[in-house]
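Data block below; observations after.
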Protein chains: 2
Amino acid sequence: MPQLPTTFAALGNATRLAIVERLLAEGELSAGALQVDKITPPAMSRHFKVLREAGILVQRVDAQRRLYSVKPEAVQEIGEWVLNFREFWTGSLDRLDAALKAEK
Amino acid sequence: MPQLPTTFAALGNATRLAIVERLLAEGELSAGALQVDKITPPAMSRHFKVLREAGILVQRVDAQRRLYSVKPEAVQEIGEWVLNFREFWTGSLDRLDAALKAEK
DNA sequence: TTGTTAATTAACATAGAAGATAATTAATTG
DNA sequence: CAATTAATTATCTTCTATGTTAATTAACAA
């Protein structure tokens, strides 16, 4: 997957990771709702673009609002990468693998 | 964990991700063994440094050689992050959570 | 239509990432 | 000791990331 480095890079910024975590915890939110004092709206807008282009966020338009949410596949992609190397960090996690496969 | 963005950033580079994947698949390897034609030794050396400082690799010295291997905790950290949001990508993965907890 | 709200795009500044070549350090071997 | 091997550090260059302010686009409301 040549997607993975891009996914990791997109999450490799504290502001963007915080955006993703809020969306994962609270569900769909508008750009404005995700706004934080520390960073200006244009800067936020660029972060959204990076996350969208990495395939991590989807945008939905509602009047002037832009509503963002996380694409489950993005999180899943990371989960699968970790599981690919599960033997490395014990083997007691083999059940996870089964669970993941059952879900497909 | 303020570690996570750093971890993701370190893996957000194709060369570094390839290094980590080789080490996960093949185990401990020397800097020389990880060398690829595309990139010069000094550039590789800097990548090792980034990965070390992110807490993803450990270095072991053997004569002139530097032997690298992956710290399991780094991979685990990512796995736990994914599991924290497991509800998001179904719920059929609750068993994973149990497995992870049992391991601690 | 005019003003307000929501977000993005434009243009610019600056810091950091990533690469190259050359030089250096350190350990091993002849 | 001199030469070789292994890897890193020094220096420099270039490109990209990230942030700012100002301007623009678009939808809604009075």
Side-chain angles (χ1 to χ4, degrees), chain A residues 2-23 26-71 74 78, chain B residues 2-23 26-71 74 78:
Chain A
Q3 278 294 86
L4 253 190
T6 304
T7 301
F8 282 137
L11 298 176
N13 169 283
T15 301
R16 284 193 298 265
L17 184 59
I19 290 170
V20 170
E21 289 183 339
R22 265 201 77 193
L23 290 172
E26 304 179 32
E28 190 181 58
L29 288 172
S30 68
L34 286 160
Q35 188 60 40
V36 285
D37 264 15
K38 213 170 90 176
I39 288 163
T40 59
M44 288 297 282
S45 193
R46 305 191 100 202
H47 283 306
F48 294 136
K49 193 181 179 190
V50 171
L51 289 166
R52 252 168 18 228
E53 290 179 349
I56 297 172
L57 297 191
V58 273
Q59 189 191 62
R60 195 167 70 83
V61 175
D62 171 43
Q64 315 110 304
R65 294 220 172 82
R66 301 291 180 275
L67 300 169
Y68 291 105
S69 53
V70 176
K71 289 175 77 172
I78 297 171
Chain B
Q3 278 294 86
L4 253 192
T6 305
T7 300
F8 282 138
L11 298 176
N13 170 281
T15 301
R16 285 195 296 265
L17 184 59
I19 289 170
V20 170
E21 289 183 339
R22 264 200 78 193
L23 290 172
E26 304 179 32
E28 190 181 57
L29 289 173
S30 68
L34 286 160
Q35 188 60 40
V36 286
D37 264 16
K38 213 169 92 177
I39 289 161
T40 60
M44 289 297 282
S45 191
R46 302 189 107 217
H47 284 307
F48 294 136
K49 193 182 181 190
V50 170
L51 289 166
R52 251 167 19 227
E53 290 179 349
I56 296 173
L57 298 191
V58 272
Q59 188 190 63
R60 196 166 68 83
V61 176
D62 170 43
Q64 314 111 306
R65 294 219 171 81
R66 301 293 180 275
L67 300 168
Y68 291 105
S69 53
V70 177
K71 288 175 79 172
I78 297 171

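To find a chain, count down the sequence lines: A is the first, B the second, and so on, and within it residues start at 1. Reckoned from all heavy atoms, side chains included, excluding hydrogens, waters and symmetry mates.
Listed by chain and residue number, A/L29, A/S30 satisfy the side chain to side chain contact (heavy atoms under 4.5 Å, CB included) test with A/A33 (two or more places apart in sequence, or in another chain). A search for salt bridge (Lys or Arg N to Asp or Glu O under 4.0 Å) contacts involving B/E28 returns B/R60, not counting sequence neighbours. Every residue two or more places apart in sequence or in another chain that forms a side chain to side chain contact (heavy atoms under 4.5 Å, CB included) with A/A54 is listed here: A/T6, A/A10, A/I56.
For the pair A/Y68 and A/V58, the minimum side-chain heavy-atom distance is 4.5 Å or more. A/H47 has its side chain within reach of A/N13: a pair of non-hydrogen atoms, C-beta onward, lies under 4.5 Å apart. Contact of the B/V50 side chain with the B/R16 side chain is registered, since non-hydrogen atoms from C-beta on lie closer than 4.5 Å.
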Legend entry - Per-nucleotide protein contact string for nucleotides 17-23 of chain C, where B marks a base within reach and S marks sugar-phosphate only (heavy atoms under 4.0 Å, - for neither): -BBSBB-

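Using a 4.0 Å heavy-atom cutoff across all strands shown, A/Q35 reaches no nucleic acid atom at all.
Residue order along DNA chain D, read from the 5' end via each residue's closest nucleotide, puts B/A33 first among B/A33 and A/D62.
The stretch residues 32-51 of chain B participates, sequence neighbours left out, in no salt bridge (charged side-chain N to carboxylate O under 4.0 Å, His left out) pair at all.
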Legend entry - Worked verdict on B/L23 versus B/L34 for side chain to side chain contact (heavy atoms under 4.5 Å, CB included): CA-CA 9 Å; B/L23 290 172; B/L34 286 160; 4.0 Å; yes

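Note that the first and last nucleotides of DNA chain D, 5' to 3', having any atom under 4.0 angstrom from a heavy atom of chain A are D/dT18 to D/dC28.
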